[in-house]
Amino acid sequence: MIIQPRMRGFICLTAHPDGAAQNVREQIDYVTSNGNIDGPKKVLVIGASTGFGLASRITAAFGSGAATIGVFFEKEPSEGKTASPGWYNTAAFEKFAHEKGLYAKSINGDAFSDEIKQQTIDLIKKDLGQVDQIIYSLASPVRLHPKTGILHRSALKPIGQTYTNKTVDFHTGKVSEVSIAPAEQEDIDNTVVVMGGEDWEMWIDALQAAGVLAEGVTTIAYSYIGPEVTEAVYRKGTIGRAKDNLEASAFTITDKLKPLNGKGYVSVNKALVTQASSAIPVIPLYISLLFKVMKDAGTHEGTIEQIDRLYRERLYTGGEVPVDEKGRIRIDDYEMDPAIQAKVAELWQKADTETLPELGDLKGYSHEFHKLFGFEMGGVDYDKEANEMVAIESIK
Ligand code: NAI
Ligand code: NA
């Protein structure tokens, strides 16, 4: 079928298999061009199909020669209906990995469930014996709690008072004011259940109890801090409470892993265009200004540049892993540079529908968003028939 983007609100209903493959290819080429990493050899990536998780899987496999198992929740294709982008990304990733002789298998299902954890453990036992790194990169709006059967929904709300600020609809470029009413206690609790550290800890407990963690194992989850303008809705809002909880879990996990000399880390990453971040009000306007300022300064990075730097300059330098006063790895350092932030804050005041195309990188935002779904990739002819029925080699 001929596959074009079909937008509905903040999501795109279609994805392009060849564009997704091209996107994965470019990420692989980036990592490969930077040379080898003396890193992990057997890696489990939870949330492996898009965003930071995909970039982690690519970096571990193509930088460090790692065997990888990827867990994710994606929609498979059916005749005349495309898969979700992470499906096509993974199909391409596995194909490229297998061509290079790298082990790569994938599990598609709900990572929050006991069943998928057990399936993963069985696969590790059968094929790898143990893993020496676990990347935890889930971003989900809901979690069906495996012990209580309750479906929790996260919220993106401020805490204490209504938050009013500017936002942009990046499809139309229209800047408008948005007001978000404060969270109820229930919203806070639910968001912590969905995006906090409990499930990460459950994964580590299950893997450890099954004896599939190697001596010296490391596990890394991703967090975000960001600027003052988004603080009320992000770091000091419901999602921020979940991130506080996730960051605390890194210490709990490090304690649990003491017998193996293992360690749990949180890495604070840069704000990037992903499916998850596009759904948060105010963030797209911030990102479009940030990208402009960082591109002008020559410090802009995408997901693969971020994770490549995480491995090369933080985790596997041969020395101590540098962390901040709260024990977190920081690869948001270029974003949080005071000069960058001062410039963004200045532009924030001036940004409106008329000025934003000039002040911000709205085009770049929209381009990155299309790329998430395999669109606007160079070297792909979108008027040509594409085969939507692409299989992931390890999933039959
Ligand atoms: P994403 O939406 O690109 O990736 C989410 C991944 O989780 C996908 O592989 C998806 O299939 C998987 N997933 C979702 N629900 C699942 C479920 N129930 N079972 C199995 N897999 C499931 O998200 P992104 O942006 O890469 O986020 C990953 C982490 O990075 C999150 O913790 C996020 O808060 C954090 N982060 C994101 C930033 C951003 O700007 N996008 C900035 C800093 C941190
Ligand atoms: Na991810």
Side-chain angles (χ1 to χ4, degrees), residues 10-11 15 23 44-58 69-76 83-90 93 106-117 119-120 135-146 151-154 156 191 194-197 199-200 202-203 220-227 230 234-235 238-240 242-247 249-250 266-280 283-284 286-287 290-291 301-304 306-307 310 328-332 335-336 365 368-369 371-373 392:
F10 294 114
I11 55 167
N23 190 359
L44 169 63
V45 183
I46 304 160
S49 54
T50 57
F52 285 115
L54 174 65
S56 305
R57 190 177 194 184
I58 290 171
I69 292 176
V71 178
F72 46 79
F73 209 8
E74 299 293 342
K75 188 168 69 69
E76 59 186 287
S84 53
W87 178 275
Y88 293 136
N89 290 340
T90 303
F93 171 83
S106 304
I107 294 174
N108 189 23
D110 182 7
F112 296 126
S113 70
D114 291 342
E115 188 196 335
I116 290 296
K117 289 184 176 70
Q119 227 174 288
T120 307
I135 300 293
Y136 187 83
S137 186
L138 291 184
S140 173
V142 292
R143 174 177 173 214
L144 181 65
H145 198 285
L151 184 71
H152 297 269
R153 252 170 230 292
S154 67
L156 292 161
T191 308
V194 178
M195 287 297 286
D199 180 63
W200 184 23
M202 283 180 164
W203 268 99
I220 301 118
Y222 298 135
S223 190
Y224 183 65
I225 297 176
T230 64
Y234 197 96
R235 193 64 210 210
T238 48
I239 182 73
K243 290 302 186 193
D244 291 344
N245 184 271
L246 181 82
E247 291 175 12
S249 288
V266 157
S267 171
V268 182
N269 300 353
K270 178 194 185 188
L272 284 171
V273 179
T274 65
Q275 293 184 66
S277 65
S278 297
I280 309 179
I283 300 274
Y286 168 69
I287 290 181
L290 179 74
F291 280 19
E301 294 175 312
T303 27
I304 196 65
Q306 277 267 290
I307 300 300
L310 170 66
R328 304 172 295 204
I329 298 170
R330 303 295 298 265
I331 52 169
D332 64 339
E335 171 182 358
M336 300 311 286
Y365 194 106
E368 287 302 319
F369 188 80
K371 272 176 68 176
L372 297 176
F373 300 88
I392 294 174

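The shown structure was predicted, so the numbers you read here are calculated from the model rather than taken from an experiment. Side-chain atoms are counted along with the backbone in the values below, which use heavy atoms only and exclude waters and symmetry mates. First listed ligand is number 1; within each ligand, the first listed atom is number 1.
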- Apply the side chain to side chain contact (heavy atoms under 4.5 Å, CB included) test between I307 and each candidate in N269, I58, L54; give the one that qualifies. N269
- State, with a plain yes or no, whether a side-chain heavy atom of R57 is found less than 4.5 Å away from one of S106. yes
- Query: Do the non-hydrogen side-chain atoms of N108 and W87 ever get within less than 4.5 Å of each other?
  - Reply: yes
- For ligand 1, the portion of E74 having any non-hydrogen atom under 4.0 Å away: side chain
Show which atoms of ligand 1 fall inside a sub-4.0 Å distance from at least one heavy-atom site of [X].
X    : result
S49  : 8 (C), 9 (O), 10 (C), 11 (O)
G51  : 3 (O), 26 (O)
A271 : 40 (O)
K243 : 31 (C), 32 (O), 33 (C), 34 (O)
S223 : 43 (C), 44 (C)
S137 : 5 (C), 6 (C), 7 (O), 28 (C), 29 (C)
F112 : 18 (N)
L272 : 39 (C), 40 (O), 41 (N)

- Please state whether A48 comes within less than 4.0 angstrom of ligand 1, counting heavy atoms only. yes
- Task: Could you tell me if any non-hydrogen atom of G109 lies under 4.0 Å from any atom of ligand 1?
- Result: yes
- Task: Please report the shortest heavy-atom distance between P146 and D114, naming the atom on each side.
- Result: CB-OD1, 3.5 Å
Tell me which one of [options] gets a heavy atom nearest to [atom].
atom                    : options               : result
atom 15 (N) of ligand 1 : S277, S140, A55       : S140
atom 22 (C) of ligand 1 : I280, I46, L138, I287 : L138
atom 1 (P) of ligand 1  : V45, I239, T50        : T50

- Under the side chain to side chain donor-acceptor pair (under 3.5 Å) rule, what do S56 and Y222 come out as? Steps first, then yes or no, please. CA-CA 11 Å; S56 305; Y222 298 135; 2.7 Å; yes
Donor-acceptor pair, [X] side chain versus [Y] backbone, under 3.5 Å?
X    : Y    : value
E247 : V266 : no
S277 : L272 : yes
K117 : A111 : yes
Y88  : A83  : yes
K270 : T303 : no

Say whether [X], considering both its backbone and side-chain N or O atoms, lies within less than 3.5 Å of an N or O atom on ligand 1.
X    : value
F72  : no
N269 : no
V71  : no
F52  : yes
D110 : yes

- Query: Residues in side chain to side chain contact (heavy atoms under 4.5 Å, CB included) with N23, at least two apart?
  - Reply: Q27, K371, M377
- Query: Is D244 salt-bridged to R235, cutoff N-O under 4.0 Å?
  - Reply: yes
